[in-house]
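All remarks here apply to the structure that follows.
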Amino acid sequence: MIKKTVKRGLAFTLAASLAFGAAPFAGASLPNAAFAAETSNAYTKTKSVTLTTGDVNSFALDGFAATLQTFTGAAGIKITSEEPTVAGLAKVDSPESWGGELTISTNEDPIPDIHVNGLKAGNTTITIVAVTGSGKVIENSSQTIDVSVSDLEKSVVIKDKNNEAINDGATISMVDKKSAEVSVDLNNISYDDFDVKTSYTTKGIYIEDTSIATAAYADKKITFTGAKPGTTKVYVYLPDENIRRQFTLEVVADTVLNATIDGATYSIDVNKNWSKDEKAATAPVIYLNNSVKNALINVTSSNGKPVTFTSTGDIVVGNDGSISAKLNSEGKVTPGNAKVTFSVAADADKDLSAIDGVDVNVVITSDAVKVSKVEAFDSSDNSLGKSEGSFAVEGGNVVGTPGAAAADADQKVLKLSTKDKTSETFRIDSNIDEKFIDIAIKSGAEYITLEGKTITAVKAGLATIEIKAKGDESTLANTSATVIFKVQVFDKNVNNVITASDITLTKDNPTAKIEASATHGNKLNYYLAKEVDGKLVATTKDSDPNYDIAVNSLTGEVTYKNTDRSGFTYVAIVAVDNVADSVKPEDAFVKVTYKESADVEEPEDTTPSLVTNPITVKGKTVKVKYAKLKKKNQTVKASAAVKVTDAVGKITYKKKSGNKKITIAKSGKITVKKGLKKGTYKVKVTIKAAGNDAIDAGSKVATVKIKVTK
């Protein structure tokens, strides 16, 4: 009876004292208590205890030790780990020594706590028994505890500004020239040198394209700074842990105002810099007069916020940017200056900036302001020079400035000869009546004669022609425009040109000969060409590692060297001798296209031609009946919506902005979709003219008004 009472007392003591308690170690967790139960004079195993590698937990033995007095001969406690490499044991006062077995004497006071350390992944059993002084295990005193150790989970978590985890492959957007932060949690990983790196094969942060954005790391945060709009990959790489995180960083342009003023389209950035056709521009001036009393500043913001308008002076500005001159009792405008100021609020959700206080000056005059302009063309329609006066507002007065002729070094040269090309008739394009245009020989009158617009060669020498378009009754005073061009007279034939055809090379046919000739039989050499300041010029090379082709400078035979690449380049044809009775011809250029096979599409030629496409466009107002629109979609022809003139090449249309229920086909056909409500809708359309071999492609933007009426 006494023996059974002792066993029951031991069981109750173990239940109280063999519970794991959290030790003062980082990362320790608190597992379930180990409970024993009496069954057939033995004790069952406890519930499993789970640790992770590096976890250190403890349990107390003082309760167990207190029951030892009931065991005859009990002198201590023996604790054994079946797999000491999985879970090691140590006394609390000597945790640096992790072993598989410990013996605690009953003489120790106090009885020390025991540490259990998860050393590596695996399973083991810890056995606790009472022992005699000779180390003999006392019967029925055994208690066992199952321990399972798993690897410590290591991970890298990237969180956005909302503290939400970013998945691999996700995209983070930020604004150009601003900074954005993400946080980094290195869970169970310690890297003292974790920082921005130049390669994603070393531990740290790597940005694939630092021209898009740069990064800095501090205090578990990555700070990105936008350098230009675009996208780049960002990697967080820890090779020792076999962890790589990857996401896309998208840098978007900050708020931009898009304004259409007097038919021209401008962009205004957050610094209030104006640009036109992607080039720096000055803010336009709006001119009102008794003939033109109204104008429109059509402004939209890229951040989607509404644009607000204010004004000063004798004008009234509406919420839509419409401008009207105030009229006196006679219905006339009052000459003077005014100003329109527009702004857009910030979009805090997207970190897009406000643009405040953009000014457009308005000049009010009694009559329309017009300046002199003039351009001269040779018989082949090549420009011989262009000039246009200008005007500005100074002290409330409109002041004109003459249009100057090109500097001497930039003046065009017209070639004449006493042999073949003895005369040339040029033409003039001007907004001035010809009776107000003077044409004269400025210098070299002994070399040429001038009758009307016809120049005739007299003898070899250099002369100059001056064309001056003065102000007529309709133009602003002092805005006369002057064009000066040179006339070089030779005593040799000047109609001497080099002719040749473009060629195409493939991997199967990697060589071809350029067939070229000069009018008067000049000897020709062939060289690789390059582009300088937008113009093709001859080099002195027939081969270069940066070119995929080579050319024989004497024969004109071209060889496709790098047959694994496709593209195009140019070969310059240069006359190397002077034929006695003719002027040396100007260099000619042959386009050489090379591709792996004949089936490969021809690469796009982006080489500048130096001739601008003269396309002009003007949007119209189109009316659509609401009653018809309630039943089905309505269509509008391109010609009814946009007037296009002077376009060179095929014309295509593309919608730039406007209501989503209004679509525009490539052909220019406009579709107004069923259900659009009554009102006036502005749609911006980009009209592109493809150009040709001599004239660049060009595009203009027109604003079309769609009025949905009764």
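Between the CD1 atom in I503 and the CD1 atom in I514 there is a gap of 5.0 Å [rounded to 0.5 Å]. Atom CD1 of I439 is separated from atom CD1 of I465 by 8.5 Å, given to the nearest 0.5 angstrom. Once rounded to the nearest 0.5 Å, the distance linking NZ of K688 with CD1 of I651 reads 13.0 Å. Atom CD1 of I664 is separated from atom NZ of K654 by 11.5 Å, given to the nearest 0.5 angstrom. Taken from NZ in K618 to OG1 in T645, the straight-line distance is 10.5 Å, to the nearest 0.5 Å.
In this structure, the side chains of K293 and L288 stay at 4.5 Å or more apart for every pair of heavy atoms. Put simply, the side chain of K370 does not reach to within 4.5 Å of the side chain of T479, judged on heavy atoms. Looking at heavy atoms from C-beta onward, I498 lies out of side-chain contact with N522 at the 4.5 angstrom threshold. Here the side chains of I706 and V624 are in contact, with some heavy-atom distance below 4.5 Å. Residues F342 and V317 form no side-chain contact, since every pair of their non-hydrogen atoms from C-beta on lies 4.5 Å or further apart. For the pair P284 and W274, the minimum side-chain heavy-atom distance is below 4.5 Å. Inter-residue side-chain proximity for I615 and V644 is flagged as met; some heavy-atom pair is nearer than 4.5 Å. Taking 4.5 Å as the limit, some side-chain heavy atom of L414 sits within range of a side-chain heavy atom of K421.
Taking S443 as the reference, T464 meet the side-chain hydrogen bond (donor to acceptor under 3.5 Å, both in side chains) condition, with sequence neighbours excluded. When the side chain to side chain contact (heavy atoms under 4.5 Å, CB included) test is applied to D320, the partners found at least two apart in sequence or on another chain are S322. Residues satisfying the side-chain hydrogen bond (donor to acceptor under 3.5 Å, both in side chains) test with N298, not counting sequence neighbours, are none. For E434, the salt bridge (Lys or Arg N to Asp or Glu O under 4.0 Å) partners at least two apart in sequence or on another chain are K453. With sequence neighbours left out, T365 forms a side chain to side chain contact (heavy atoms under 4.5 Å, CB included) with N289, V363, V369, V398. When the salt bridge (Lys or Arg N to Asp or Glu O under 4.0 Å) test is applied to K669, no partner is found at least two apart in sequence or on another chain. Judged as a salt bridge (Lys or Arg N to Asp or Glu O under 4.0 Å), and not counting sequence neighbours, the contacts of D548 are R565. Qualifying side-chain hydrogen bond (donor to acceptor under 3.5 Å, both in side chains) partners for E388, counting only residues two or more places apart in sequence or in other chains: none. Remark: N525 pairs with Y527 by the side-chain hydrogen bond (donor to acceptor under 3.5 Å, both in side chains) rule, at least two apart or across chains. Remark: K468 pairs with no residue by the salt bridge (Lys or Arg N to Asp or Glu O under 4.0 Å) rule, at least two apart or across chains.
Sequence neighbours left out, the pairs with a member in residues 479-490 that pass salt bridge (charged side-chain N to carboxylate O under 4.0 Å, His left out) are D408-K486.
Environment of NZ in K682: crowded, with over 12 heavy atoms of neighbouring residues, nucleotides or ligands closer than 6.0 Å. The environment of NZ in K492 is crowded: more than 12 heavy-atom neighbours from other residues, nucleotides or ligands sit within 6.0 Å.
Side-chain N or O atoms of S387 include one that pairs as donor or acceptor with a backbone N or O of G403 at under 3.5 Å. A donor-acceptor pair is defined here as one N or O able to donate and one able to accept, closer than 3.5 Å; such a pair exists between the side chain of T519 and the backbone of V497. Looking only at distances, no side-chain donor or acceptor of D587 sits under 3.5 Å from a matching main-chain atom of V574. Checked by atom type and distance alone, the side chain of S417 pairs as donor or acceptor with a backbone atom of K419 at under 3.5 Å.
Of the charged side-chain nitrogens involved, none lies within less than 4.0 Å of a carboxylate oxygen, so that K272 and D359 do not count as a salt-bridged pair.
Closest approach of Y526 to A516, counting heavy atoms only: OH-CB, 3.9 Å. Between S566 and K595 the shortest heavy-atom distance is OG-CA, 3.3 Å. When all heavy atoms of T456 and S423 are compared, the pair lying nearest together is OG1-CB, 3.8 Å. Between V299 and I297, the shortest heavy-atom distance links the atoms CG2-CG2, 3.2 Å. For G389 against V371, the heavy-atom pair with the smallest separation is O-CG2, 3.4 Å. Between A640 and V622, the shortest heavy-atom contact is O-CG2, 3.5 Å.
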Worked check of side chain to side chain contact (heavy atoms under 4.5 Å, CB included) between Q488 and L462
CA-CA 5 Å; Q488 181 71 60; L462 181 66; 3.5 Å; yes
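Side chain to side chain, S366 and N290 fail the donor-acceptor criterion of an N or O pair below 3.5 Å.
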Please tabulate, for side-chain N and O atoms in residues 444-451, each donor-acceptor pair with protein atoms closer than 3.5 Å (sequence neighbours left out).
none

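For the side-chain contact (heavy atoms from CB on, under 4.5 Å) criterion with R427, the lone passing option out of D378, L384, D381 is D381.
Taking the six-membered ring for Trp and the full ring otherwise, the centers of Y560 and Y594 sit less than 6.0 Å from each other.
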